[in-house]
There are 2 protein chains.
Amino acid sequence: MSLPHAILTALLEKPSSGLELTRRFDRSIGYFWSSTHQQIYRELGRLEQSGHIRALPSEVPARGQKKEYEVLPAGRAELTEWVAAREDPKPVRDALLLRMRAAAVVGTAGLRAELERHLALHRRQLEEYRSIEERHFPPERDAEEDRLRHLVLRGGIDMERFWIEWLTQALKELAELEARPAGA
Amino acid sequence: MSLPHAILTALLEKPSSGLELTRRFDRSIGYFWSSTHQQIYRELGRLEQSGHIRALPSEVPARGQKKEYEVLPAGRAELTEWVAAREDPKPVRDALLLRMRAAAVVGTAGLRAELERHLALHRRQLEEYRSIEERHFPPERDAEEDRLRHLVLRGGIDMERFWIEWLTQALKELAELEARPAGA
DNA sequence: CCCGTTTATGCAACTAGTTGCAGAAGGGTG
DNA sequence: CACCCTTCTGCAACTAGTTGCATAAACGGG
């Protein structure tokens with residue numbers, strides 16, 4: 001149940017329309033809570049219904065017309081509460097680890113290429129995070145919000161590093177297994 | 001679309017009934033692809049329908065009666081194909097990173113306790129993985145399946161280490177922010 | 001032998017997220 | 001102005017996963 005909170009956070013950072021939110025999700029909040037525009041529109045509707053946000057008054061309220069939303073006090077209160085809420089980490093659900101486990105049973109044929117592809121993707125993501133880090137978090141910026149946002153970004157960076165490391169190990173392991181005759 | 005593959009893998013490792021599968025998920029495959037018994041039963045039904053697995057013949061085919069499943073050649077083929085399939089990593093979706101980001105906007109009140117709780121949970125999980133490692137993967141075991149399964153487990157271990165590291169940093173950051181007067 | 005607990009399977013209803021598509025407004029171009 | 005492309009909002013239908021509950025057999029006392 002985090003999408004509404006993701007939206008509230010984004011709207012507090014800056015009031016926006018549905019499409020603007022979608023775009024900002026693609027390059028910021030979406031890095032750790034991705035979402036599609038349809039989900040966002042639906043959730044905006046719900047949040048408006050429940051009095052957490054409201055649409056800024058517009059002259060032309062019609063379909064296809066931009067609608068800006070801002071957070072109401074009830075929305076901010078809800079978010080504040082959520083920050084401190086007790087909520088267990090979700091159990092890991094990762095298809096690649098699962099595939100490796102399957103490979104232990106049915107063999108590793110064709111797996112190397114896929115691992116290399118993932119490795120490249122994670123390297124690219126790491127580069128993207130690093131360039132954001134350089135642009136947004138130079139050493140002199142240390143207002144409270146900056147430090148916390150930087151911390152979140154470092155989480156993303158270290159998670160990519162973890163994958164790069166693991167994939168590298170996995171490829172090495174695969175190479176060794178292929179080098180020795182089956183059953184040796 | 002990984003649950004059916006998780007089930008196929010588990011059934012290849014050992015033919016089982018629905019409940020047995022559920023239990024094994026709780027302490028093995030479920031570490032990286034968790035699932036409830038209802039989902040497993042439903043999926044077993046589908047896999048049987050589609051000819052990937054079959055129920056072993058039993059004398060008493062009735063409700064409340066144990067039903068063992070085994071994988072058919074079509075199921076093994078499907079799994080083999082999936083191992084090499086092109087499937088992009090799912091974008092990260094993590095509520096705790098999101099909460100930290102929200103905290104940058106609405107403040108960190110009450111967050112420390114929650115971070116400490118998560119830290120303890122991750123430490124416990126790490127300990128569990130390590131004890132599995134000791135029991136199941138002594139240095140002399142290096143058959144192909146063992147090496148790959150060990151690799152998967154090391155993935156789990158390093159992921160827990162990542163969280164422990166990040167949470168430790170986060171708590172340090174929080175302590176520093178609390179130590180200085182707001183706006184300093 | 002009746003009764004409560006455990007084992008085992010499963011249905012129904014719900015929530016969250018995804019995919020595909022449609023429709024209205026506005027801007028640019030021949 | 002007719003056409004098309006982009007922007008923006010949204011519905012409908014689907015898939016995956018969760019929650020709550022029902023049912024049936026088996027087991028173990030008293």
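Chain letters run A, B, ... following the sequence lines, proteins first, then strands; residues in each count from 1.
Residue Tyr41(A) places no side-chain N or O under 4.0 Å from the OP1 or OP2 atom of dG10(D). For dG17(D), neither phosphate oxygen OP1 nor OP2 lies less than 4.0 angstrom from any side-chain nitrogen or oxygen of Lys90(A).
The side chain of Arg93(B) has dG17(C) as its nearest neighbour among dG10(C), dG17(C), dT7(C).
Inspection of the Thr108(A) and Arg112(A) side chains reveals no N or O donor paired with an N or O acceptor under 3.5 Å. Side-chain contact check for His5(A) and Glu78(A): at least one donor-acceptor pair (N or O, by modelled atom type) lies under 3.5 Å. If you check the side chains of Arg23(A) and Ser16(A), you find no donor sitting under 3.5 Å from an acceptor.
Atom CZ of Arg42(A) is separated from atom P of dC14(D) by 14 Å (rounded to the nearest Å). Atom CG of Leu44(A) and atom P of dC11(D) are 12 Å apart (whole Å). What separates CD of Glu68(A) from P of dT7(D) is a distance of 17 Å, to the nearest Å. If you take CZ of Arg24(B) and P of dT7(C), they are 18 Å apart, rounded to a whole angstrom. Glu20(B) places its CD atom 8 Å from the P atom of dT9(C), with the value rounded to the nearest Å. Between the CD atom of Gln39(B) and the C1' atom of dA16(D) there is a distance of 6 Å, rounded to whole Å. For the pair Ile40(A) CD1 and dC8(D) P, the computed distance is 14 Å after rounding to whole Å. One atom, OH of Tyr69(B), and another, C1' of dG10(C), lie 10 Å apart when rounded to the nearest Å.
Gln38(B) contributes a side-chain N or O that forms a donor-acceptor pair with the base of dG10(C) under 3.5 Å. Not a single donor-acceptor pair, N or O on each side, falls under 3.5 Å between the base of dG17(C) and the side chain of Glu43(A).
A cation-pi arrangement, defined by a distance under 6.0 Å to the six-membered ring centre and an angle within 45 degrees of its axis, is present between Arg99(B) and Trp82(A).
In terms of position along DNA chain D, the nucleotide closest to Arg46(B) lies nearer the 5' end than the nucleotide closest to the other residue of the pair Thr36(B) and Arg46(B). Looking at which nucleotide of DNA chain C each of Leu3(A) and His37(A) is closest to, the 5′-most match is held by Leu3(A).
Contacts of Ser17(B) with the nucleic acid, taken as non-hydrogen atoms under 4.0 Å apart, involve only primed sugar atoms and P, OP1 or OP2.
Closest non-hydrogen pair, Val152(B) versus Leu97(A), comes out as CG2-O, 3.7 Å.
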